[in-house]
Structures are given as structure tokens and as C-alpha cells.
Amino acid sequence: MNSAAPAGLSSPLPRHSEAIAGTAHDPDERGYFGRFGGRWLPEALVGALDEVAEAWRKARRDPSFLAELDRLARDYAGRPSPVWPADRLTAQVGGARILLKREDLNHTGSHKINNVLGQALLAQLMGKTRIIAETGAGQHGVATATAAALLGLDCTIYMGRVDTERQALNVARMRLLGAEVVSVATGSATLKDAINEAFRDWVATVDHTFYLFGTVGGPHPFPVIVRDLQRIIGLEARAQVLEQTGRLPDAVAACVGGGSNAIGIFHAFLDDPDVRLVGLEAGGDGVETGRHAATISGGSVGVLHGARSFLLQDADGQVIESHSISAGLDYPGVGPEHSHLADIRRAEYRPITDTQAMEALATLARTEGIIPAVESAHAVAGGIDLARELGPDGIVLINISGRGDKDMETAMRWFGLGEPDQHQDPPDGLPVPPAGTAEGEPAR
Amino acid sequence: MSTPTTADQTGTGRLAELFARTRAEGRAALVGYLPAGYPDPATSRRLFAAMVEGGCDLVEVGLPFSDPVLDGPVIQAAAQTALAAGWHTRDVFDLVGSVTRAGGQAVVMTYFNPVLAYGADAFARDLAAVGGAGVITPDLIVDEADEWTAAAEAHGVAPIFLVAPSSPTERIARTTAATRGFLYAASVMGVTGGRDQVGAGAADLVARCRAVTDLPIGVGLGVRTAEQAAQIAGFADAVIVGSAFVQAAGPDGTDVEGVRRLATELARGVRAASA
């Protein structure tokens, strides 16, 4: 685990503050990445967005803000996160060498803490006393509630009713942390409706409230702020892979819902043309069935939640409900920078079905002793495919964006783990339990 | 944009004529909103007819959208009912046509994605063909509106933008420069839905708008009673009422007489201010 050496040794890893200093890939003044982004939302919010953009412009260069961000990232969130060589998984797949970026080891269990600490500090710097956020799986909600508790800010989290039911554990975590959780029953009662409701709150409360957006979507400047705060994933991982293997990976795989963990790990490799960047979208029952959340693979260009980007919509421009086993990917939109990267063919996007993701989740659990979030399991499935395509000389870096504790009910149902006498067949390639085994668990 | 005269039969021209008339009568115009296709296409036509017959000078035909971020629970639910009843964007032209053929004036209020999906130019063209006067776009800011304003201008349909209490004067000036027909001033920072009081900032916002434009100014968000209508009519050129009409249509959206009664009452309100 020499890769996770603390800063200050011979090859110190980049600090969080170094990731937010601005890049050669910033959007234009109006927040456009190519033809995607901008501000497609009510005039009433423009003033608040301008205020956030101006505060961020200053914070990016404010030494005390940057020092505090680095301190929280290191001593509170646990950065840097390690890169783990997944040798047993590699051996089982029989293809390229697979490395895992372990964002699941961060405080609160996912990459979301990277973004939340920075934005909560920004809210405090702006004199806001209340933060609101949307959440799908609950990972961003938990991270936001955590930062609010740490900094003494009031906190309200909007979450679709479907999600409060399937992610009840995270609802309990948020409430324990002192946040108010509002269950949103309108529309499809999932993440997109939670975002609508958060915007409705914000338009009435902008004077004292900061909308802590969770992904690289929404109106400018959110896509660039969240991107900046997640870039640390890739900056660290690039240095770690170089140190461990002596070269860059051939491919980087990450799951894409709104796309924050993927942008976070992709960004450090944008100027490395030989590194393939592969985003794995939620294919649900399969893109051909129409029941999916694969926005770039199966959507078209429109405007939703403040940005022009790909989205799932019908011929009339009505937004279509997405479907995925993963609450965190169950969203009909995607961040504008991803749409741009797809447009210019710098990144490629592939769908992973529910079944493929759950098989990959079990495979990773049994080969490496790591239970990923169902979201991250999409990246694992896509990474395994890439490893097979690249063959033994290749290197694949997979972003494990979150841990799977929150998904145990989903896993219990999927694999029949709670029932002593039956279970689904184990995923391909895994040992089959010997006949007559009384336990529901596979033999190993 | 051409100078408004009685000969100007573009949507923008007809709006200018409408406001010239209400100004001549020394009163504000009454604008009534309902979601289109609510609760079903046939009843929706009768509700809009009742608003016109009850005394609305202009009706605002709300195009149902799956993700209405500027609407409160009343209009959200009505829009969802309309969508569930099989609403399509093209249906809006039939509905607007039914209003204009009966002698009423109509503008469409729509979130922008359905317009993008239909095609901005095609939307303006087809609306103009049925006599629609303009389009209010609550989630389109002037910074993103070049393609839309060009299409609207080409077909003589008035692009109507919103200003908010949070808008600085510089943005009000840029927004009014792109607006035709009338300017929509949001009375409060918030979503649609009845309130006991219209924001105290509404009069201030209207005054700030008057400093930079001669356009008629309509005030909306939160107006539900004749008293509020009278109060707003004291400083604005149009009073815009939405959620209260949805509620007047009753829980199942079929109370046509309830809508007519509210329109009549509000029409008295906009006249009371000048009395």
C-alpha cells in the first residue's frame, strides 16, 4: 500500500487545493463546455448563481480557504484514498491488470465528501446559515448532512419517495446527523423530482440558503465547482498508478449518473490521449427495453435542471422516468461536461444492465473482499469488460466511488441472501456451491 | 418590431392593442392562467372559454411539463393530470385556436424544453397560425434566448420574459430589451401558488422596471383574490392569476362555473383600483 503514502514523503500526492486552481478545460464565461451547459432556469435564481460563481472565483485563490480544505480532506475525510491492485480479480478475469481507486474508503463512504466539504466551506464563507441538497441513493445527502453537522449549518435534504423507501438506512443516517429529510412524492418521486423541489426551496430562500449541488450537472457554475472539487480523485490516482506500474493506465472506468465521480477521475487524464476514458451508464433492464438510465447511450439533447445536455425525453420534450437498480444512477440527465466529452469523442459511454452490475458486485466482493456500492458495481462490470478487451498487457483503473453497505437490502433481495434455503445462481465464473450445501451462501 | 397600430395583426401588435384599450379604460388587464388539457382536452376548452367570458382580457395557456421547477403543488398536480390524460405539445395549438376563434386573446406559458423538442421556429410559426399572441418562458433567461427571440420575431409572436425581485437593474434592462408585448414581473421570490399577501417588493420591482421600459408590466405569482387584484392593479398594467383558477375549477377540474365566477370577481377587482 505504498501508493497511499501520506503527503510529505519522497513523492507526495497532490493536495485537494491543487485540484481546484482552474484548468485548461474550464467552460466559457457562460458556463458552456462546447454546446453543453449554460443556465436554463428561472431568472429569479440568476443573482444567486452569480453570487456563488463570484465567491468560488475568490475562494479558488484564497489561501486560508484552501488550507482549511486540505486540512478537512486529510484529517476528516481521510484523503488520500489508496489505489489497490486487484490481483485476484485480475487473475479471475484473465485480462488486463485491474487497479481500484478506493473512494469508498472516504469518510461517509463515497466520493461525495470531496465535493461537500468544499461547497459547505464556501457556503460558510458566503455567510449562508442553511444548506439544502438533493439526493438519490442518499450518499450526497449523507455527505451534506455530515458537513452541515461539522460546520454547524442548518440542513434540509430533498429525496424522492421511491428512494427514501429503497435507501432507508441513509435516511436514518441523515436524520441522526441532524438534517431534515423531505420525502418528495411529486412526479416520478426520484432524484429528478428531488432536484425540482430543491430548486423550488432555493428560489424562496436564496438570501440565507446555499444549494449544495451534488453532481456535475445543474446551471453554471455548479458543473465546474463540483468538477473542481472531484478532480482530486484523478490527480491522486494518476500519480498512484504511475508509481505502482511505472506507466499510465490504458483505460479508466467510472460509473455515470450525473457524473461527478467520473469527471473527478477522468479529468487528470484528459490530456493523456492514449488513456481511454469510459463512463458506464445504468442500463437498467437494457437500453433496448426503454427501462434504463443510460442518458448518453440512449438519450437526446435538451434542457433540464439548468443545463443543456443529453437527457431522456419523449418526442414532446417531456422528461422520461429513468430506471436502474442503483438509486444513485437513476437520473434522466447527465452533466454537460460529459455530453461534451462524448461529443468530441474524448470519452466513451456504455450501458451496464442491472444484472451485469449485480454480478460484478458479487465478483468483486468474493475476489477482493470489497463490497462496492451498486453504482460503483457498474464501473466494475465495465472495467472487467475493458480488461478482457485489452488483454494481459493492459492496465485498467476502476473508480470504486462508494461502498455497498447501503445496498445490502438490494443485494439480499437480488441474491436471496436472507433466505437460508435458496439463492440465485452465483455469477459466471464463481465457484458453484457443492450439491447438498445447506447454507445459502456459495461455498467460498 | 413594428410600431403597434390597429393594423398590426401580429401577436405583438394585438397585445399592444389590448393594453392600449385597458389603459384607455383606466384599468389593468386581467390575465388568467390554467394548465392546458386539464383535466381533459374537452373540459379544458370550456374552462378557458369561461375565463374569457368571465372577464379575462388575456388567457395564459400553460403547457404541461414533467418538471415544472417554478410551479407550486397546485399547478404541478394539474399539469400531471393533463399529461396523464395524453397531452401532446401540438394540442396547444387547437386550444389556443379555440380561444382566439371565440374572440379571446391567448399567450402560451411553457418551460422551454418542449419548445426545443418541437423546434423553436416551428413552435412560433404554428402558434402564430392559430392567433396566439405570445409565449411566456419561465425557465428561459435572456442570456440563452437568441434562437427563440429570432424565431418569435420572425413569426410576430411576442417573446415574454420574467423579471424577479432579485434581478438587478442591468438585467431588467437586458430582459426588457428582448421582451415584446408585456413584461412578466414575479411578485415574490418563490413558486406559483396562492399567498395571503403579494410581496411588498412587487411595487418596487414594477417601479424599477418602469425606469427602463415603456412595456406594459404584468404582475404574477400569489394573486388569488379581488382585493389583491385591486391592489396590484394600482401599480401594474396586468394582474396575472394562476393557481387560484386551478382551485376554482374544483378538485376534479370540472367546475366551469367556479372558474367563470372567479374571473368575474377578479375582473371587478382590476376595475376597483381605478374607481
Side-chain angles (χ1 to χ4, degrees), chain A residues 29-32 37-51 184-207 209 218-220 300-309 311-321 332-333, chain B residues 63-73 76-77 79-80 82-83 86-92 110-119 123 137-145 161-168 170-172 174-175 184-186 188-193 195 199 205 221:
Chain A
E29 274 184 10
R30 293 168 58 221
Y32 276 88
R39 284 178 174 174
W40 299 80
L41 83 180
E43 166 71 19
L45 289 171
V46 170
L49 293 169
D50 282 344
E51 191 190 357
V184 178
T186 54
S188 61
T190 59
L191 179 55
K192 84 176 176 71
D193 308 284
I195 294 175
N196 292 339
E197 209 55 34
F199 274 123
R200 292 180 188 122
D201 178 316
W202 202 33
V203 76
T205 59
V206 283
D207 55 333
T209 294
H220 179 66
S300 53
V301 177
V303 297
L304 176 68
H305 294 149
R308 185 178 191 122
S309 194
L311 62 114
L312 302 180
Q313 59 184 333
D314 67 15
D316 279 333
Q318 304 288 345
V319 180
I320 295 173
E321 288 180 28
Chain B
L63 200 139
F65 183 51
S66 53
D67 294 85
V69 292
L70 204 63
D71 282 307
Q76 282 176 46
Q80 224 161 337
L83 288 172
W87 172 264
H88 289 289
T89 300
R90 61 176 179 272
D91 300 337
V92 81
T110 180
Y111 291 90
F112 204 63
N113 199 53
V115 177
L116 273 181
Y118 194 86
F123 193 88
T137 47
D139 64 346
L140 182 67
I141 59 173
V142 64
D143 316 57
E144 306 285 4
F161 294 94
L162 277 72
V163 291
S166 61
S167 303
E170 171 270 331
R171 287 197 61 80
I172 292 175
R174 280 207 290 138
T175 302
Y184 190 125
V188 291
M189 293 295 287
V191 298
T192 57
R195 288 170 179 80
L205 174 59
L221 296 194

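All values below come from the heavy atoms of this structure, side chains included, with hydrogens, waters and symmetry mates left out. Letters go in sequence order (proteins before strands), and every chain restarts at 1.
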field: Proximal component of B/Pro114, with respect to chain A [non-hydrogen, under 4.5 Å]
entry: both

message: Given 3.5 Å as the limit, does a donor-acceptor pair link the side chain of A/Arg200 with the main chain of B/Pro68, or not?
response: yes

query: Would a distance-only check, ignoring hydrogens and angles, find a side-chain to backbone donor-acceptor pair under 3.5 Å from A/Arg30 to B/Asp143?
result: yes

- request: Find out whether B/Asn113 and A/Leu311 are in side-chain contact, i.e. whether some heavy atom of one side chain is under 4.5 Å from a heavy atom of the other.
  value: yes

task: Find the distance between CG (A/Asp50) and CZ (B/Arg171) and round it off to the nearest 0.5 Å.
output: 7.0 Å

message: If you count heavy-atom pairs within less than 4.5 Å of chain A, which of B/Ala77, B/Ser167, B/Pro165 leads?
response: B/Ser167

field: Test: B/Asp67 and A/Lys192 ion pair at under 4.0 Å
entry: yes

message: For the CG atom of A/Leu304 and the OG atom of B/Ser66, what is their distance to the nearest 0.5 Å?
response: 7.5 Å

message: Please evaluate residues B/Leu116 and A/Arg308 with respect to the criterion side-chain contact (heavy atoms from CB on, under 4.5 Å), reporting the C-alpha separation (whole Å), side-chain torsions for both, the decisive distance (0.1 Å), and the verdict.
response: CA-CA 11 Å; B/Leu116 273 181; A/Arg308 185 178 191 122; 4.3 Å; yes

Proximity breakdown for B/Gln80 and chain A, heavy-atom pairs closer than 4.5 Å: side chain

- request: Rounded to the nearest 0.5 Å, what's the gap from CZ on A/Arg39 to CD1 on B/Ile141? Could you check?
  value: 6.5 Å

- prompt: Which bit of B/Val142 is near chain A, if near means a heavy-atom gap under 4.5 Å: side chain, backbone, both or neither?
  reply: neither

- prompt: Is the side chain of A/Gln318 donor-acceptor paired with the backbone N or O of B/Pro64 at a distance under 3.5 Å, no angle test?
  reply: yes

- line: dist A/Glu197:CD -> B/Gln76:CD (nearest 0.5 Å) comes out at 6.0 Å

- request: Would you mind checking which part of A/Val319 comes under 4.5 Å of any heavy atom in chain B, side chain (CB onward), backbone (N, CA, C, O), both or neither?
  value: both

message: If I measure from the heavy atoms of chain B, does A/Ile195 come under 4.5 Å with its side chain, its backbone, both, or neither?
response: neither

message: If you count heavy-atom pairs within less than 4.5 Å of chain A, which of B/Ser166, B/Pro73, B/Ala186 leads?
response: B/Ser166

message: Shorter than 4.5 Å, heavy atoms on both sides: which option in B/Ala117, B/Gly190, B/Gly72, B/Ala164 has the most such pairs with chain A?
response: B/Gly190

- line: Okay, A/Ala48 and chain B: the region with an atom under 4.5 Å from a heavy atom over there is neither

- request: Let me know if A/Glu321 has heavy atoms under 4.5 Å from chain B in its side chain, its backbone, both or neither.
  value: neither

statement: Among A/Gly38, A/Gly187, A/Gly47, the residue with the most heavy-atom pairs under 4.5 Å to chain B is A/Gly187

message: Does B/Glu170 have more than 12 heavy atoms from other residues, nucleotides or ligands lying within 6.0 Å of its CD?
response: yes

Contact leader toward chain B among A/Asp316, A/Thr186, A/Asp314, A/Leu41, where contacts are heavy-atom pairs under 4.5 Å: A/Asp316

task: Flag the pair B/Met189 / A/Asp207 as yes when at least one side-chain heavy-atom distance between them is below 4.5 Å, and no otherwise.
output: no

